Student: 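Mind having a look at this structure? Questions to follow.
Treat the numbers as computed from the prediction; the structure is a model and nothing was measured.
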Amino acid sequence: MPIRERQATDHPQLLELWERSVRATHDFLSDADIAELRPQVRDIYFDAVEIWIYEDAAGLAGFIGLSGAQVEMLFLEPERRGQGIGTRLLDHARGLRGALTVDVNEHNPQAHGFYRRYGFVDTGRSPLDGQGRPFPLIHMALPRDAAD
């Protein structure tokens, strides 16, 4: 399986992938929002989570960041979406943690649909994101026996 643990030397490439993915899927974020988030992702978030990378012969295609059983981030190269990479990364995380949880931006219906198709269920909603900004979150959980 082409999933490996992140190395510190991966950070520049992960940050570039993160930005390409965010620009392709988070159209509710402005350029200023992304510029504000970029150093936080680079300097704080990457070091705060356990990151697993999907890399194959075509290169680094996606990554998932976990904090315990919480999926904190899942980003894919935009042109590699729909190829099962996100599912493989979630399968890997599920193999490590069993039941998983995730918070999805309400303004990102593609991500919400992806997690629902995988077996996650909505468990709640917050009107603000983790930084207190007006980007509502949908809280989701994957029951331990889901997707079996």
Student: Would you mind telling me which of Leu89, Ile85, Ile53 makes a side chain to side chain contact (heavy atoms under 4.5 Å, CB included) with Ile3?
Tutor: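 Passing option: Leu89.
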Student: Do you reckon Ile51 sits in the same ILVMFWY cluster as Leu90, going by side-chain contacts under 4.5 Å, direct or chained?
Tutor: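 No.
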Student: Can you name the closest pair of heavy atoms from His139 and Asp103 and give their distance?
Tutor: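 Closest approach of His139 to Asp103, heavy atoms only: ND1-OD1, 2.6 Å.
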Student: Would you compute the distance between atom CG of Asp47 and atom CZ of Arg42 and round it to the nearest 0.5 angstrom?
Tutor: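 Rounded to the nearest 0.5 Å, the CG-CZ separation comes to 11.0 Å.
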Student: Is the ring centre of Phe28 less than 6.0 Å from the ring centre of Phe135?
Tutor: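 They qualify: ring centres under 6.0 Å apart.
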Student: Mind checking what makes side chain to side chain donor-acceptor pair (under 3.5 Å) contact with Gln13, not counting sequence neighbours?
Tutor: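 With neighbours one apart ignored, the set is empty.
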Student: How would you list, by chain and number, every residue that makes a side chain to side chain donor-acceptor pair (under 3.5 Å) with Glu79, sequence neighbours excluded?
Tutor: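 For Glu79 there are no side chain to side chain donor-acceptor pair (under 3.5 Å) partners, ignoring immediate neighbours.
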Student: According to side chain to side chain donor-acceptor pair (under 3.5 Å), who are the partners of Glu36, at least two apart in sequence or on a separate chain?
Tutor: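 Listed in chain order: nothing, the list is empty.
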Student: Under the salt bridge (charged side-chain N to carboxylate O under 4.0 Å, His left out) test, which residues partner Asp10, sequence neighbours left out?
Tutor: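 Checked Asp10 against salt bridge (charged side-chain N to carboxylate O under 4.0 Å, His left out); matches are Arg4.
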Student: Do Val49 and Phe63 share a hydrophobic cluster (ILVMFWY, side-chain heavy atoms under 4.5 Å, transitive)?
Tutor: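 Yes, same cluster.
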Student: If Ile, Leu, Val, Met, Phe, Trp and Tyr residues are connected whenever their side-chain heavy atoms lie under 4.5 Å apart, and connections chain through other members, are Val102 and Trp52 in the same group?
Tutor: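 Yes: a chain of side-chain contacts under 4.5 Å links Val102 to Trp52.
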Student: Backbone N or O of Pro136 within a donor-acceptor pair of the Ser126 side chain at under 3.5 Å?
Tutor: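 Between the backbone of Pro136 and the side chain of Ser126 there is no qualifying donor-acceptor contact (under 3.5 Å).
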Student: Quick one: pull up CZ in Arg117 and NE2 in His112 and give me the separation to the nearest 0.5 Å.
Tutor: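 So the CZ of Arg117 and the NE2 of His112 are separated by 10.5 Å.
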Student: Could you tell me whether a side-chain N or O of Asn108 sits under 3.5 Å from a main-chain N or O of Ala111, the two making a donor and an acceptor?
Tutor: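 Yes, because the side chain of Asn108 sits within donor-acceptor range (under 3.5 Å) of the backbone of Ala111.
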Student: Would you mind checking if Arg38 and Glu16 are paired as a salt bridge, meaning a charged N to carboxylate O distance below 4.0 Å?
Tutor: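 Salt bridge: yes.
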Student: Given the rule in the side chain to side chain contact (heavy atoms under 4.5 Å, CB included) test, do Val121 and Arg116 qualify, once you have shown the distances and angles that lead to the verdict?
Tutor: CA-CA 6 Å; Val121 295; Arg116 290 188 73 171; over 6 Å; no
Student: Any side-chain donor-acceptor pair under 3.5 Å between Asp122 and Tyr115?
Tutor: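 No - no donor-acceptor pair under 3.5 Å links their side chains.
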Student: Please confirm whether the backbone N or O of Ser21 pairs with a side-chain atom of Thr25, one donor and one acceptor, at under 3.5 Å?
Tutor: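 At least one qualifying donor-acceptor pair exists.
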Student: Pairs of donor and acceptor atoms involving the side chains of residues 64-76, under 3.5 Å and at least two apart or interchain, shall be tabulated with distances.
Tutor:
unit_1 : atom_1 : unit_2 : atom_2 : d
Gln70  : OE1    : Thr101 : OG1    : 2.3

Student: Look up atom CG in Leu29 and atom CG in Leu37, then write down how far apart they are to the nearest 0.5 Å.
Tutor: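 Leu29 atom CG to Leu37 atom CG measures 6.5 Å (nearest 0.5 Å).
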Student: Can you sort out the partners of Arg80 under side chain to side chain donor-acceptor pair (under 3.5 Å), two or more places apart, ordered by chain and number?
Tutor: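 By the side chain to side chain donor-acceptor pair (under 3.5 Å) rule, Arg80 matches Asp56, Gln83.
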